[in-house]
Amino acid sequence: MKKAYLYSLLILVACYACEEKQQSELEFFLTVSPQELTFDENDPSKNIITVNTNTDWETSVDNLSLKLDKTKGAGGESQIQVLDAPAGKSCTLTIKPVLQNLAKDLSQKVVISRAPDEVYLEVSPTALTFNENDASKNIVTVNTNTKWEASVSDQALKIDKKEGTGGESKIQILDAPAGESCTLTISTLSLNGEETLSQEITVTRASAVERTIIYNNDFDRETATKGTYWPYLDQFDGWKNESGTGADQVEYNQMSVSVRSDWTSNYNPPASYRPYASGENNLYFNKVGSYIEIGNIRTEQEKDFILQFGCSENKPFDYNDLKVEVGNGSSWVELDYTRTISSNWELATSSFSLENATDGTLGIRFSTTGDATQMRIDDVRLTDGDPSTQIIVFDNTVYPPAELPLYDSDDYVITHTGTLGGKQVRNYTMLYDKEKHAALWVAYPMHECYRGSSGRTEAWAADPLIEALYQPKLYGSSYCYYEGYSRGHQIPSADRTANDELNSQTFYASNMTPQDEDFNAGIWASLEAKVRDNMCSDTLYVVTGCYFGDGHSVTFDGSQYGEQSADSKDCPVPTHYFKVILRTRSGNTGNPIGKCEADELKAIGFWLEHRSDYSETFSTDYCKSVEYIEQQTGFTFFPSAPEAVKKQCEPSEWNL
């Protein structure tokens, strides 16, 4: 008896397994007909959907006003009667198998439309002038409560969609024949024999204007290749492929922008960009605050311009993420521009006019702001244009260098300049004390353009602008040291590595003070690096100085192994050192300090006693307000900044 029972159980298990195997090997199918249906309120026979399948099925609708006589069924052929549908709407009926985890999706969709009770059609505008520089001006809005289609009178008139359903739709006109007028016709479709409506839009385009290309760069002179990383602009010149009537003397300045040959602009660009999308290289902004300046574009007496460029972002494009500015050499003005909002490459356009002629040159600056994500640009082109409603007014006010403290006319103040990018630039300015044989302060701008790969020149020399007898003897092959102290830079060598000329000036004896060796290599070097960490697209302004308090000690210069020379003289040793720094909060305003409000600026100071026992870790305890250091030294720093800014002491707002 027990054996018979076990035998029967085995047979049942085997049959069940066989049935499961057959079901798993069964080829499921599901078809529906028709896949589009126009509801006919007068003839129910036209409102039937046929379902053919070999499994159980169920339905779902995207509009609860769509009424059916059944919502599920079994295998075989079934019919669904559409009982009602909303007037003037298109709804979707989805039919799908009940079984889950099928090898493929067998779902079928049926679009069900019903004519409106009363058809309406509105289009705007009814007359449009095609604008090749601003795609936002080439849009037609269609508003209706039924299906519609679009037709053109000339195949050269290109549109991005030719049909639609009820609601509001937008048609982008991609191209139109130059010098002609064409007709775009929007017509409603008759779903159940109802009357159709039509609206015509006249599209015209002016005859092609031959533009003068002032500057053009596709960045494709030589294809960039990736090593460990993609090259930055100052590491590879293959992107410099400028041309145009004003491109022969252009100058470039950049921070944290690389050149890449991936995600190229010629990969399926839109029609408006297709004629210009060059592919190959593009410029990649590595972080928020990255920028590239294209300067000294010769424009002669031209006042009306069109700027176009390709751009792409790794998310739907946000105008807040890419700032575009035009400059005249002394100030920058932000430009408004237009482009289609997408994450793809698109052509951006800005038309602008200058209120007043410049000196014959213009600059263009692109910088990443906001929440920019993998921003790229390509194919920058500047041409002459037509008078624009975007009028650019440059601020031609001459602002003094923001880093300069106030000083009297009889103070011994000297400025060193050098050549950078073909231009004469200020290197640093100092207030020199002939009796102390030291600069009481050294003021200088800090910017990425001042830094490069020159390294330390070790060009120890007397300052040519100061009589040698007033300078410490710290140069030559021998007897060129302070006794017991290091030769401590005020403006650091590491802040001026763009070229040998600028760096060598930091080794002038006038820039040195006697510094304790541990202080110089320790806390002072750490502070110098902290200051560099706060550079930005705008300029960081720095004043470094020394202070001689009561009871300061004295050493002598011209020393070698503790021995004096004929040139040796007494040199006071500072009791304190300080730095004060100032910059814009955002770091990319493009404005001089004198043009900024207090809430746009931040400042901080550092006051250090000259001693050797500092901890290796930098402490914010050394931070003071600029106002505090003014009170200690008697100097007035950053006179173009509001007083409220100089009262600040917020270490958390800085990279320290």
Side-chain angles (χ1 to χ4, degrees), residues 232-235 237 249-257 291-293 295-296 329-330 363 400-405 413-432 438-439 441-466 468 471-472 474-475 480 486-513 515 520 524-525 527-546 579-583 592:
Y232 286 90
L233 299 191
D234 58 354
Q235 298 171 326
D237 284 340
Q249 297 177 27
V250 293
E251 301 167 354
Y252 297 102
N253 188 20
Q254 66 88 29
M255 183 175 75
S256 198
V257 178
Y291 70 89
I292 177 172
E293 293 176 5
N296 206 38
S330 61
E403 74 273 11
L404 284 185
V413 176
I414 63 169
T415 297
H416 285 287
T417 63
T419 303
L420 189 61
K423 284 187 176 182
Q424 197 74 7
V425 298
R426 66 187 188 274
N427 196 0
Y428 61 86
T429 299
M430 63 170 56
L431 170 63
Y432 199 75
W441 53 252
V442 179
Y444 53 97
M446 268 299 296
H447 193 275
E448 192 68 32
C449 66
Y450 282 97
R451 304 192 71 235
S453 57
S454 73
R456 289 173 62 97
T457 59
E458 302 291 344
W460 300 95
D463 189 326
L465 301 183
I466 301 174
Q471 300 180 58
L474 303 173
Y475 47 87
C480 54
S486 294
R487 298 176 290 191
H489 286 69
Q490 297 219 59
I491 173 174
S493 164
D495 287 0
R496 292 294 186 263
T497 54
N499 59 47
D500 286 350
E501 178 188 18
L502 296 177
N503 185 264
S504 64
Q505 292 176 1
T506 70
F507 285 89
Y508 287 158
S510 58
N511 186 44
M512 304 299 151
T513 61
Q515 278 191 343
N520 183 26
W524 192 244
L527 178 56
E528 290 173 339
K530 297 290 184 184
V531 170
R532 284 191 289 274
D533 287 342
N534 286 277
M535 290 191 299
C536 56
S537 296
D538 291 337
T539 302
L540 173 69
Y541 300 97
V542 186
V543 184
T544 295
C546 58
K579 287 182 183 287
V580 289
I581 60 178
L582 169 72
R583 55 163 278 188

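What you are looking at is a predicted structure, and each value in this text was computed from that prediction instead of being measured.
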Query - Parallel, tilted or perpendicular, as decided by the 30° and 60° cut-offs, for the rings of Tyr508 and His416 - result: tilted
Query raised in the report: Roughly how far, to the nearest 0.5 Å, is the CE atom of Met446 from the SG atom of Cys536?
Result: 10.0 Å
Query raised in the report: Is a side-chain donor or acceptor of Asn511 paired with a backbone partner of Ile491 at a separation under 3.5 angstrom?
Result: yes
Query raised in the report: Is there a side-chain contact between Gln254 and Glu293, using heavy atoms and a 4.5 Å cut-off?
Result: no
**Report entry** Derivation of the side chain to side chain contact (heavy atoms under 4.5 Å, CB included) call for Thr429 and Val413
**Finding:** CA-CA 7 Å; Thr429 299; Val413 176; 3.5 Å; yes
Report task. Just do the side chain to side chain contact (heavy atoms under 4.5 Å, CB included) check on Phe507 and Glu458 with the steps written out, would you? Result -> CA-CA 7 Å; Phe507 285 89; Glu458 302 291 344; 3.8 Å; yes
Query raised in the report: So how far is it from Glu528 CD to Gln490 CD, rounded to the nearest 0.5 Å?
Result: 10.0 Å
Query raised in the report: Which heavy-atom pair separates Arg451 from Ala494 by the least distance, and what is that distance?
Result: NE-O, 3.1 Å
Query raised in the report: So, do His489 and Trp524 sit near enough that their side-chain heavy atoms are less than 4.5 Å apart?
Result: no
Query raised in the report: Is a side-chain donor or acceptor of Arg487 paired with a backbone partner of Cys480 at a separation under 3.5 angstrom?
Result: yes
Report task. For Thr506, enumerate each residue passing the side-chain hydrogen bond (donor to acceptor under 3.5 Å, both in side chains) test, keeping only those at least two apart in sequence or located in another chain. Result -> none
Report task. Taking all non-hydrogen atoms of both residues into account, name the closest pair between Ala509 and Pro472 and its distance. Result -> CB-O, 3.3 Å
Query raised in the report: Side chains of Arg496 and Asn427: do they bring a donor and an acceptor to under 3.5 Å?
Result: yes
Report task. With side chain to side chain contact (heavy atoms under 4.5 Å, CB included) as the test, would you mind laying out the steps for Tyr432 and Ile414 before giving the verdict? Result -> CA-CA 8 Å; Tyr432 199 75; Ile414 63 169; 5.6 Å; no
Query raised in the report: Is there a side-chain contact between Val580 and Val542, using heavy atoms and a 4.5 Å cut-off?
Result: no
Requested in this report: Starting at OG1 of Thr544, measure out to CH2 of Trp441 and round the result to the nearest 0.5 Å.
Outcome: 11.5 Å
Report task. Please tell me if the side chains of Thr419 and Gln424 come closer than 4.5 Å, counting only heavy atoms from C-beta onward. Result -> yes
**Report entry** Side-chain donor or acceptor of Gln249 paired with backbone N/O of Asn296 under 3.5 Å
**Finding:** no
Requested in this report: Calculate, to the nearest 0.5 Å, the distance between atoms CG and CZ belonging to Leu502 and Arg426 respectively.
Outcome: 12.5 Å
Query raised in the report: So, for Tyr291 and His447, is the gap between ring centers shorter than 6.0 Å?
Result: yes
Query raised in the report: Shortest non-hydrogen contact from Ala498 to Ser454?
Result: N-OG, 4.2 Å
Query - Asn503 and Thr497: CA distance, side-chain angles, deciding distance, side-chain hydrogen bond (donor to acceptor under 3.5 Å, both in side chains) verdict - result: CA-CA 6 Å; Asn503 185 264; Thr497 54; over 6 Å; no
**Report entry** Minimum heavy-atom distance between Asp237 and Leu233, given as atom pair plus value
**Finding:** OD1-O, 4.4 Å
Query raised in the report: Can you tell me if Gln515 and Ser486 form a side-chain donor-acceptor pair at under 3.5 Å?
Result: no
Query raised in the report: So, for Tyr232 and Ser256, which heavy atoms are closest and what is the spacing to 0.1 Å?
Result: CE2-CA, 3.8 Å
**Report entry** Reported OG-to-CD distance for the pair Ser493 and Gln505, which is rounded to 0.5 angstrom
**Finding:** 12.0 Å
Query - Derivation and outcome, salt bridge (Lys or Arg N to Asp or Glu O under 4.0 Å), residues Arg532 and Asp495 - result: CA-CA 8 Å; Arg532 284 191 289 274; Asp495 287 0; 2.7 Å; yes
Query - Listed partners of Pro400 passing side-chain contact (heavy atoms from CB on, under 4.5 Å), at least two apart - result: none
Query - Arg583 (side chain) donor-acceptor with Asn534 (main chain) under 3.5 angstrom - result: yes
Query raised in the report: Just how far is it from atom OG1 of Thr417 to atom CD of Glu501, taken to the nearest 0.5 Å?
Result: 7.0 Å
Query raised in the report: Considering residues at least two apart in sequence or located in another chain, which fulfil the side-chain hydrogen bond (donor to acceptor under 3.5 Å, both in side chains) criterion with Tyr428?
Result: none
Query - side chain to side chain contact (heavy atoms under 4.5 Å, CB included) between Lys579 and Val531, intermediate numbers included - result: CA-CA 9 Å; Lys579 287 182 183 287; Val531 170; 4.0 Å; yes
Query raised in the report: Quick one: does Leu540's side chain get under 4.5 Å of Pro445's, heavy atoms only?
Result: no
Requested in this report: Considering non-hydrogen atoms only, spot the tightest contact between Ala459 and Ser504 and give its length.
Outcome: CB-CB, 3.7 Å
Query raised in the report: Quick check: does any side chain N or O of Gln471 sit under 3.5 Å from a backbone N or O of Ile466, one acting as donor and the other as acceptor?
Result: yes
